[in-house]
Peer 1: 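Input: one structure, supplied below.
In this text, all values refer to a predicted model and were calculated from it rather than measured experimentally.
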Amino acid sequence: MLARIYCPAKTAMQSGKASSRGWRLEFEPASARSIDPLMGWTSSSDMNGQVRLSFDSQDEAVAYAERHGIPFRLHKPQEPPVIIKAYADNFATFRKQPWTH
């Protein structure tokens with residue numbers, strides 16, 4: 001029953017970072033999913049696959065896992081590079097390609 005602790009990534013559909021501020025603890029799947037032959041739905045007998053715990057900080061998530069004896073793997077978030085742009089750069093003379101509409 002290995003758990004993973006991670007910070008969720010920013011959604012690609014929005015420009016905000018509201019959903020990526022907290023930390024999440026999820027359990028790794030213990031068994032493979034099976035396909036129902038009649039309906040084609042996937043199912044699993046692993047109930048821990050439905051558990052998702054949210055925390056405000058990484059330390060809280062790690063403390064919870066250690067307090068309850070849950071083995072875990074910690075995934076550090078990758079920070080995106082900060083690219084500073086200015087509108088005036090569109091009209092600069094050092095552009096590699098000409099600016100056109």
Peer 1: With Arg67, which residues qualify under salt bridge (charged side-chain N to carboxylate O under 4.0 Å, His left out), at least two apart?
Peer 2: none
Peer 1: Quick check for you: to the nearest 0.5 Å, what is the distance between Leu2 atom CG and Phe72 atom CZ?
Peer 2: 10.0 Å
Peer 1: Ignoring hydrogens, what is the shortest heavy-atom contact between Phe55 and Ala61? Give both atom names and the distance.
Peer 2: CD1-CB, 3.5 Å
Peer 1: Using the rule that Ile, Leu, Val, Met, Phe, Trp and Tyr join whenever any side-chain heavy atoms are under 4.5 Å apart, tell me whether Trp23 and Leu53 fall into a single cluster.
Peer 2: yes
Peer 1: Quick one: does Ile70's side chain get under 4.5 Å of Tyr64's, heavy atoms only?
Peer 2: yes
Peer 1: Tell me the closest heavy-atom pair linking Gly22 and Cys7, and the distance in Å.
Peer 2: O-SG, 3.4 Å
Peer 1: To the nearest 0.5 Å, tell me how far Ile5 CD1 sits from Arg73 CZ.
Peer 2: 11.0 Å
Peer 1: Under the salt bridge (charged side-chain N to carboxylate O under 4.0 Å, His left out) test, which residues partner Arg4, sequence neighbours left out?
Peer 2: Glu26
Peer 1: Give the minimum heavy-atom separation between Ala65 and Leu25, together with the two atoms involved.
Peer 2: CB-CD1, 4.1 Å
Peer 1: Is it the case that one hydrophobic cluster holds both Leu74 and Met1, taking links as side-chain heavy atoms less than 4.5 Å apart, direct or via other members?
Peer 2: yes
Peer 1: Which pairs would a plain distance check flag for residues 42-50, meaning a side-chain donor or acceptor within less than 3.5 Å of a matching protein atom at least two apart in sequence or in another chain?
Peer 2:
{"unit_1": "Ser43", "atom_1": "OG", "unit_2": "Ser34", "atom_2": "OG", "d": "3.3"}
{"unit_1": "Ser44", "atom_1": "OG", "unit_2": "Asp46", "atom_2": "N", "d": "3.1"}
{"unit_1": "Asp46", "atom_1": "OD1", "unit_2": "Asn48", "atom_2": "N", "d": "3.3"}
{"unit_1": "Asp46", "atom_1": "OD2", "unit_2": "Ala30", "atom_2": "N", "d": "3.2"}

Peer 1: So does Asp36 have more than 12 non-hydrogen atoms from other groups sitting under 6.0 Å from CG?
Peer 2: yes
